Novice: 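Pasting in a structure now, in structure tokens, and then I'll have a few things to ask.
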Amino acid sequence: MRLLITAGPTHEPIDAVRFLGNRSSGRVGTALAETAADMGWDVRLLMGPYAMVPEHGNIDIARFQSTADLEKLLEKHLPWCDMLIMAAAVSDFTPVVPKDCQQTKWRRGDDAPILQLRPTPDLLKGCSERARADQTLVGFALEPDETLVSSALRKLERKAIDFIVANPLETMDADRIAATIYARGGEAIASTDGPISKQTFATWLLDQLESASAVTLRECRSSHGT
Ligand code: CTP
């Protein structure tokens, strides 16, 4: 199994020294990469700024800062993988940086500065549009408890991916994680027994994805008569 995994936050530049970021620690992505490497999978990890570097020696690592950097890395590495797990907390918006601030600092002036944001592309949706039928795409949905299931299912549909891992919002930056995996079509295929450590979660998720994607691939092959 060739696994491509993204982890950590994005930093969207405001000027040459400032950025717009988020609180993702990248711990889930790093634990998944280490666990997959322990299981003998080939692993490429695309890591955001400050995300924890795995100790495992057998993982190829490439770093990104912004959503635009990650988009380029995904273009390069997607064709290589059997499975993509998008655990990175990708920014939905990026600042419009005035030309005269790109190489320098945005200076204090007489008026309050106004930060203009534009939407970033949905990277996972872009991947699903160009992925091969034999590639498995997995996304995460971090949402408030009340809307967790409906939002996760909407994202699964909109991004046209194979699986989505739904986590309550409190998971970000926490030590433990609770999750349910939904497959294309909206069926819940597995849930953790309440919150578990991120290490235990990594093993659980990879086991679930390995068996679920094997079933999907078998069905896909038999429907194509291959
Ligand atoms: N994601 C992505 N590109 C983006 C934003 C998110 O590929 N610009 C990926 C994330 O890595 C994650 C999944 O999409 O695997 C869901 O991310 P989330 O931020 O929860 O959803 P959004 O696509 O931003 O949808 P919404 O704005 O409705 O929350």
Side-chain angles (χ1 to χ4, degrees), residues 3-13 19-33 36 44-51 62-78 81 83-96 117-131 135-174 177-184 186 198 201-202 205-206 208-209 212-213:
L3 175 67
L4 179 62
I5 177 150
T6 69
T10 54
H11 283 180
E12 305 300 319
F19 60 83
L20 199 66
N22 62 67
R23 288 195 293 115
S24 168
S25 65
R27 266 185 293 172
V28 165
T30 303
L32 284 165
R44 287 187 187 173
L45 175 62
L46 310 182
M47 285 184 72
Y50 303 129
R63 306 296 304 236
F64 62 83
Q65 294 282 323
S66 64
T67 302
D69 299 339
L70 179 56
E71 186 174 27
K72 285 195 200 107
L73 286 175
L74 284 168
E75 255 168 48
K76 178 173 171 197
H77 294 285
L78 181 69
C81 74
M83 181 183 285
L84 166 68
I85 302 183
M86 278 289 287
V90 184
S91 179
D92 289 330
F93 302 98
T94 194
V96 177
L117 301 178
R118 62 179 165 78
T120 56
D122 186 329
L123 303 186
L124 193 47
K125 187 161 182 263
C127 288
S128 82
E129 282 163 2
R130 56 183 196 278
Q135 292 180 300
T136 301
L137 304 190
V138 184
F140 276 77
L142 198 64
E143 293 285 338
D145 242 346
E146 318 78 80
T147 52
L148 181 59
V149 180
S150 57
S151 299
L153 294 183
R154 228 184 6 257
K155 286 176 194 185
L156 181 70
E157 199 61 31
R158 193 175 70 218
K159 293 169 194 276
I161 53 177
D162 302 285
F163 301 103
I164 197 139
V165 184
N167 308 114
L169 205 56
E170 302 75 47
T171 294
M172 185 175 257
D173 217 6
I177 182 165
T180 300
I181 308 170
Y182 295 92
R184 177 86 61 95
K198 289 189 172 173
F201 168 76
L205 181 63
L206 292 174
Q208 296 293 339
L209 290 176
S213 59

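Numbering starts at 1 and runs along the sequence shown. Both counts, for ligands and for their atoms, begin at 1 and track the order of listing. These figures come from a predicted structure and were not determined experimentally. Any value given below was found using the heavy atoms of this structure, including those in side chains, with hydrogens, waters and symmetry copies removed.
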Novice: Looking only at heavy atoms, what is the nearest atom pair of K125 and R158, with distance?
Specialist: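 Taking every non-hydrogen atom into account, CE-O, 3.3 Å.
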Novice: Could you check whether any heavy atom of G126 sits closer than 4.0 Å to an atom of ligand 1, since that is the contact criterion I want to use?
Specialist: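 G126: no contact with ligand 1 (<4.0 Å).
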Novice: Say you draw a straight line from CG of L153 to CZ of R184; how long is it, rounded to the nearest 0.5 Å?
Specialist: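 Reported value, rounded in 0.5 Å steps: 13.0 Å.
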Novice: Hey, does L124 come in under 3.5 Å of ligand 1, counting only N/O atoms on both sides?
Specialist: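 Yes; at least one N/O pair falls below 3.5 Å.
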Novice: Nearest protein heavy atom to atom 23 (O) of ligand 1, by residue and atom, and its distance?
Specialist: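 The protein heavy atom lying closest is K159 NZ, 2.5 Å.
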Novice: Does the side chain of L4 come within less than 4.5 Å of L46's, by heavy atoms?
Specialist: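 In short, these two side chains touch, coming nearer than 4.5 Å.
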Novice: Taking 4.0 angstrom as the limit and counting only heavy atoms of M86, give me the atoms of ligand 1 inside it, by number and element.
Specialist: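 In order of number, 7 (O), 11 (O), 12 (C), 15 (O).
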Novice: Give the residue, atom name and distance (to 0.1 Å) of the protein heavy atom nearest atom 3 (N) of ligand 1.
Specialist: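 In this structure, atom 3 (N) of ligand 1 has L123 N, 3.0 Å as its nearest protein heavy atom.
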Novice: Could you state the interatomic distance from CG (L32) to CD1 (I5), rounded to the nearest 0.5 Å?
Specialist: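 L32 atom CG to I5 atom CD1 measures 4.0 Å (nearest 0.5 Å).
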Novice: Heavy-atom distance to atom 10 (C) of ligand 1: which of A89, A88, G139 wins?
Specialist: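 It is A88 that holds the nearest heavy atom.
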Novice: So which atom in Y182 and which in A166 form the shortest heavy-atom distance, rounded to 0.1 Å?
Specialist: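 Scanning both residues, the minimum pair turns out to be CE1-CB, 3.9 Å.
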Novice: Under the criterion side-chain contact (heavy atoms from CB on, under 4.5 Å), which of E71, E12, K72 is the partner of S66?
Specialist: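 Answer to the side-chain contact (heavy atoms from CB on, under 4.5 Å) test with S66 among E71, E12, K72: E12.
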Novice: Kindly give the heavy-atom pair with the smallest separation between L20 and L117, and that separation in Å.
Specialist: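 Taking L20 first and L117 second, the nearest heavy atoms are CD2-CD2, 3.9 Å.
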Novice: Name the option, out of E71, R158, K155, that contains the heavy atom nearest to atom 21 (O) of ligand 1.
Specialist: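 That would be K155.
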Novice: For L137 and C127, which heavy atoms make the closest approach, and how far apart are they?
Specialist: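 That would be CD1-C, 3.9 Å.
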Novice: If you measure from each heavy atom of S91 to ligand 1, is any distance below 4.0 Å?
Specialist: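 Yes.
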Novice: Applying side-chain contact (heavy atoms from CB on, under 4.5 Å) between I85 and each of T6, L45, L209, report the one that passes.
Specialist: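 Running side-chain contact (heavy atoms from CB on, under 4.5 Å) over T6, L45, L209 with I85 returns exactly one hit, L209.
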Novice: Going from CG on L74 to OG1 on T67, what distance comes out if it is rounded to the nearest 0.5 angstrom?
Specialist: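 If I round to the nearest 0.5 Å, the distance is 10.5 Å.
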Novice: Can you find a pair of side-chain heavy atoms, one from L124 and one from I161, that are under 4.5 Å apart?
Specialist: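 Contact flag for L124/I161 side chains = yes.
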Novice: Should you measure from each heavy atom of T120, which atoms of ligand 1 turn up under 4.0 Å away?
Specialist: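 Answer for ligand 1: 8 (N).
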Novice: Near F140, which atoms of ligand 1 are under 4.0 Å from a heavy atom of that residue?
Specialist: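 So the answer, numbered in order with elements, is 12 (C), 13 (C), 15 (O), 16 (C), 17 (O).
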Novice: Report yes or no: does R154 have a heavy atom closer than 4.0 Å to ligand 1?
Specialist: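 No, that is not the case, since the closest heavy atom of the residue is not under 4.0 Å from the ligand.
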Novice: Is ligand 1 under 4.0 Å from a heavy atom in the side chain of A87, in the backbone, in both, or in neither?
Specialist: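 Looking at A87 and ligand 1, no heavy atom falls under 4.0 Å.
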Novice: For K125, which part has a heavy atom under 4.0 Å from ligand 1: side chain, backbone, both, or neither?
Specialist: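 Neither; no heavy atom under 4.0 Å.
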Novice: Does only the side chain of C127 get under 4.0 Å from ligand 1, or the backbone, or both, or neither? Count heavy atoms.
Specialist: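 For C127, there is no contact with ligand 1 at all, from either part.
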Novice: Using heavy-atom distances, let me know which of P121, A7, A152 sits nearest atom 8 (N) of ligand 1.
Specialist: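 Residue with the shortest heavy-atom distance to the ligand atom: P121.
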Novice: Just distances here: any N/O of V90 and N/O of ligand 1 closer than 3.5 Å?
Specialist: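 No; every N/O pair is 3.5 Å or more apart.
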Novice: Classify the contact between D92 and ligand 1 as side chain, backbone, both or neither, using a heavy-atom distance cut-off of under 4.0 Å.
Specialist: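 The part of D92 near ligand 1 is the side chain, not the backbone.
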